Participant: 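Quick one: the structure is below, questions incoming.
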Protein chains: 2
Amino acid sequence: MDEVDRRLLVQLQEDATRSYAELGRAVGLSAASAHDRVRKLRERGVIRRTTVEVDPAAVGRGVAAYVMIDAGAWMGDPPTRDALLAIPAIQEAHVVAGASSLLVKVRTATTEELQATLRGIYAIAGVSGTQTVVVLETFFERPIDLG
Amino acid sequence: MDEVDRRLLVQLQEDATRSYAELGRAVGLSAASAHDRVRKLRERGVIRRTTVEVDPAAVGRGVAAYVMIDAGAWMGDPPTRDALLAIPAIQEAHVVAGASSLLVKVRTATTEELQATLRGIYAIAGVSGTQTVVVLETFFERPIDLG
DNA sequence: ACTGAAAATATAGCCTC
DNA sequence: GAGGCTATATTTTCAGT
């Protein structure tokens with residue numbers, strides 16, 4: 001993970017369709033060497049995967065919300081994780097420090113579906129309460145800053 | 001946006017390095033037709049961009065936190081957006097409904113840097129308070145469910 | 001890490017339904 | 001308008017150095 005790797009990651013976060021020739025040019029390497037670097041970044045797990053960012057509204061997932069989950073007991077264990085994974089509308093789940101125990105990000109088509117998702121969350125063992133923050137507008141979402 | 005498009009998006013969200021031949025096979029189309037569909041999805045903005053997911057810890061951004069920002073006045077306007085954009089550690093920013101006005105996701109190397117970021121947030125016009133939720137462990141982060 | 005060649009893939013033009 | 005076929009241009013990938 002030297003400066004060259006970091007610059008390759010910046011390029012790929014911006015646009016992962018760039019050719020290795022182009023990547024090499026951007027960081028001062030041949031296409032083959034750039035390719036080699038990127039391959040190693042993948043192998044080491046620094047690059048977890050290559051994916052496409054989809055417009056949520058365009059695929060009927062226009063409602064986003066963050067749900068903070070309160071618990072009577074510790075919920076930071078695999079059974080909780082699996083229970084959350086089983087709810088498709090939950091896009092992210094984190095164990096957090098603070099007033100609540102867990103924080104999840106939910107994406108649904110409608111507020112009715114959001115309500116159904118909350119019902120599903122309450123059904124998980126240990127959940128004693130939730131606070132929901134509905135997203136009105138997303139200002140921006142961007143890659144990790146590697147400056 | 002028919003069923004075929006949705007299946008293409010599922011494939012690409014999983015792994016955007018898949019060849020068009022492979023994509024075509026997965027949805028029952030020729031490589032050329034699959035390519036055509038994907039091109040149109042990009043043109044229409046359904047696919048916003050192709051990117052790589054980077055392991056935050058591997059690039060020295062191991063600390064994640066959500067910050068709820070309280071405001072005395074309405075902060076859902078472009079000047080606020082620009083002020084948040086100017087803080088590199090802020091990865092996402094949303095205007096939300098609830099007790100707070102804004103919710104941002106922050107990624108830093110250390111808790112000291114998190115503190116500095118909070119200082120930066122307090123410096124924005126209109127901010128009257130914050131509540132920070134520090135991520136202890138991320139259970140999972142996954143693509144939008146297109147089922 | 002670079003060069004050069006081989007294999008795989010992406011892309012464009014044209015045709016058909 | 002959408003899919004499919006063919007041919008060409010790029011790109012990836014793998015030697016060897």
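A note on names: the letters A, B, ... follow the listed sequences, proteins ahead of strands, and every chain is numbered from 1. These figures come from a predicted structure and were not determined experimentally.
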Participant: Tell me the ring-ring contact (aromatic ring centres under 6.0 Å, His included) pairs involving residues 97-147 of chain A, sequence neighbours left out?
Facilitator: none

Participant: Who passes side chain to side chain contact (heavy atoms under 4.5 Å, CB included) against A/Gln115, sequence neighbours left out?
Facilitator: A/Arg119

Participant: Show me the dot-bracket string of DNA chain D, counting Watson-Crick or G-U pairs under 3.5 Å, with | for pairs to another strand and [ ] for crossing ones.
Facilitator: |||||||||||.|||||

Participant: Run the salt bridge (Lys or Arg N to Asp or Glu O under 4.0 Å) test against A/Arg25 and tell me which residues pass, sequence neighbours left out.
Facilitator: none

Participant: So, OP1 or OP2 of C/dA1: does either fall under 4.0 Å of a side-chain N or O from A/Ser30?
Facilitator: no

Participant: For A/Arg42, give me all partners under salt bridge (Lys or Arg N to Asp or Glu O under 4.0 Å), at least two apart in sequence or on another chain.
Facilitator: none

Participant: Name all pairs fulfilling the side chain to side chain donor-acceptor pair (under 3.5 Å) condition that reach into residues 133-142 of chain B, sequence neighbours left out, sorted by first residue then second.
Facilitator: A/His94-B/Thr138, B/Lys105-B/Glu141

Participant: Any side-chain N or O of B/Lys40 below 4.0 angstrom from OP1/OP2 of D/dA2?
Facilitator: yes

Participant: Measure the distance from CZ on B/Arg37 to P on C/dA10 and round it to the nearest whole Å.
Facilitator: 18 Å

Participant: Only counting residues at least two apart or in another chain, list the ones meeting salt bridge (Lys or Arg N to Asp or Glu O under 4.0 Å) with B/Arg39.
Facilitator: B/Asp36, B/Glu43

Participant: Would you indicate, yes or no, if D/dA2 has its OP1 or OP2 atom less than 4.0 angstrom from a side-chain nitrogen or oxygen of B/Ser33?
Facilitator: no

Participant: Can you see whether B/Ser100 engages B/Asp70 through a side-chain donor-acceptor pair at a distance of less than 3.5 angstrom?
Facilitator: yes

Participant: Measure the distance from CG on A/Asp36 to P on C/dT3 and round it to the nearest whole Å.
Facilitator: 15 Å

Participant: Rounded to the nearest Å, what distance is computed from the CG atom of residue B/Leu8 to the P atom of nucleotide D/dA2?
Facilitator: 13 Å

Participant: Can you check the A/Leu29 CG to C/dT3 C1' distance for me, whole Å?
Facilitator: 14 Å

Participant: Sequence neighbours excluded, which residues qualify as salt bridge (Lys or Arg N to Asp or Glu O under 4.0 Å) partners of A/Arg18?
Facilitator: A/Glu14, A/Glu22

Participant: Could you go through nucleotides 12-17 of chain D and list every protein N or O atom that sits under 3.5 Å from one of its N or O atoms, giving the distance for each pair?
Facilitator:
residue, atom, partner, partner atom, Å
D/dT12, OP2, A/Tyr20, N, 2.9
D/dT13, OP2, A/His35, NE2, 2.4

